[in-house]
Peer 1: 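This structure is in structure tokens; I'll ask about it shortly.
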Amino acid sequence: MPTPKDIQNEIIDNFSLFEGDMEQTLMYLMDLGKKLPAMPEEHKIEEFIVKGCQSKVWVFPKFTDGKVQFEVDSNTEITKGLLYLLWSIWNNQTPETILNTELYFIEKIGMSRMIGTQRSNGFTAMIQKMKAFATLYQQHGNS
Amino acid sequence: MKLDINHIRNQFPILHQEVNGKPLVYFDNAATTQKPQRVIDALNKYYTLDNANIHRAAHTLASRSTEYFEQTRKAIQQFINAKEDAECIFTKGVTESINLVAQSWGRKFLQAGDEVVITTMEHHSNIVPWQMICEEKGAILKVIPINDAGELLIDEYDKLLSPKTKMVACVWVSNALGTINPVKEIIEKAHAVGAKVLLDGAQACSHLEVDVQALDCDFLTISSHKLYGPTGVGVLYGKRELLDAMPPYQGGGEMIKEVTFAKTTYNDIPFKFEAGTPNIADVIAFKYALDFVNELGKPAIAKHEDQLLRHFVNGIVEIHGIKLVGTAAQKVSVQSFVLNNMHHFDVGMMLDAKGIAVRTGHHCTQPLMQRFGMDGTVRASFAVYNTIEEVDVLLDALRKLANLNT
Ligand SMILES: Cc1ncc(COP(=O)(O)O)c(C=O)c1O
């Protein structure tokens, strides 16, 4: 199982091909978003929504064999692409691994505007929410 | 007069830069306009040479800064043709101007059962302050509906008016749709039932001629930052007899005549409503923005902006998969739209990648978005320094985006 660090480095490598060209970066992100496994509509309920000012994101967690599985989705394609990257890093990792991850790929692929104080998308809130689920599973298992 | 747009552009240093490797195309003017060099210079000069607190001291710098500050008041008086400069109160912006009226006028003059009329297309800043005071007073908020083009239904307005109507608070020009509302008619009808009228002039004042005496509006709110001036400065115009009758909004320095622990008497307008040290530098620089607009003249500005809007609309209706939102007959140079195949947030990000700045989202008009069954739009808004070539850059970009994934 590759570590979050391995995966992030691979992502950064892939995006480096665009040499900072924002348009190509965004187009690629939108393509990546299409690779996300479809999230069942019945899981897109209020409890699992993370609201941003402009885009909505959903995260539905499960805990099996000591590892966390996430279903994620967004109503905007660019956010969805970023979610795909986050999902590829964290899906099927242990709560400890998730909580110990330092996420550095976002800035490195030129998308730092999507994190931090920007309220306009649900991405930052999404990171918090996924970590919160990991904390919950770490403390209580699947209960 | 035909404007020399190149000459105008050269007065705006910020326009001459690249964003994401492309020449900046700034089409977010309804959010805030850019500032001409003379405004930037005025700010610089004030802090370099003139800074002193106003209205209070005997020394030379203080009288100089007071004089400049009051010159802006005179300039804004002329800009809107107020009867006297004391009817122009400096605030932080339109939001504070409306809150001032809602809190001060509303506290004194609204009673349980009274009605306040607003429109479907209000900015949140002309909704929430009225909701707050209505809740406090037991007054009722009524809303004028609109048609699908984004125009007020005046017949419905007529039905809402009654002797219970005490205030009609209405946006002059919609920031999300660009609609110019028939404010003269709205004011006459409100006055006929004895109601006062507040016009939210945030979007109107950079495009349309303003004459508060001819309009006979009771209050008008203005924002400097949407008029080529600095942020943090607004104006509340009010008729003297109303402002005189209204209690102060905030207490503190400047707004008093005499203070004892037993009783305080208040200063006259405008100072009664200007508690504390105001935003002196930005008020002073605001005058230079007004000069800029006056030199070009509103008719010439409007003519150029209308050309930009028409060019954009003519281009966009040719593109399959884009829907215009806001198609009123009377409009300023603001156009909202949505793409069938792409969320407005993605459109905004993709345009930014091409150096094009537009607004996406609900534009602080959520009830209006609900009326259209949308959670947001993309909005392009044009100012006097924009060019047909820039509009073509946007149209090109939209043509490509509308064809993606389809
Ligand atoms: C129609 C309208 N009203 C009010 C406001 C708020 O103005 P200000 O930023 O000056 O508080 C805006 C600005 O976005 C506006 O467009």
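First the proteins, then the strands, lettered A, B, ... as listed; each starts at 1. Remember, it's a predicted structure, so these values are computed and weren't measured experimentally.
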Peer 1: Taking atom CD of A:Glu42 as the centre, report whether more than 12 heavy atoms of other residues, nucleotides or ligands fall under 6.0 Å from it.
Peer 2: yes
Peer 1: For a 4.5 angstrom cut-off between non-hydrogen side-chain atoms, does B:Met342 reach A:Thr76?
Peer 2: no
Peer 1: Report, as yes or no, whether the 6.0 Å neighbourhood of atom CE on A:Met27 holds more than 12 heavy atoms from other residues, nucleotides or ligands.
Peer 2: no
Peer 1: Looking at side-chain heavy atoms only, is the closest gap between B:His343 and A:Lys56 below 4.5 Å?
Peer 2: no
Peer 1: For atom CD of A:Glu10, decide whether the heavy atoms of other residues, nucleotides or ligands shown that lie under 6.0 angstrom number more than 12.
Peer 2: no
Peer 1: Within a radius of less than 6.0 Å around NZ of B:Lys92, do more than 12 heavy atoms belonging to other residues, nucleotides or ligands occur?
Peer 2: no
Peer 1: Around atom NE2 of B:His320, are there more than 12 heavy atoms of other residues, nucleotides or ligands at under 6.0 Å?
Peer 2: no
Peer 1: Test B:Lys400 against A:Glu23 for side chain to side chain contact (heavy atoms under 4.5 Å, CB included), laying out the working first.
Peer 2: CA-CA 12 Å; B:Lys400 293 200 181 99; A:Glu23 206 175 343; 5.7 Å; no
Peer 1: Does A:Lys108 have more than 12 heavy atoms from other residues, nucleotides or ligands lying within 6.0 Å of its NZ?
Peer 2: no
Peer 1: Hey, what do you get for CG (A:Leu29) to CE (B:Met349), rounding to the nearest 0.5 Å?
Peer 2: 8.0 Å
Peer 1: Are any non-hydrogen side-chain atoms of A:Asn75 and B:Asp375 less than 4.5 angstrom apart?
Peer 2: yes
Peer 1: Compare all side-chain heavy atoms of B:Lys354 with those of A:Met22 and state whether any distance is below 4.5 angstrom.
Peer 2: no
Peer 1: Check for a donor-acceptor pair, side chain of B:Asp346 on one end and backbone N or O of A:Ile78 on the other, with a separation under 3.5 Å.
Peer 2: yes
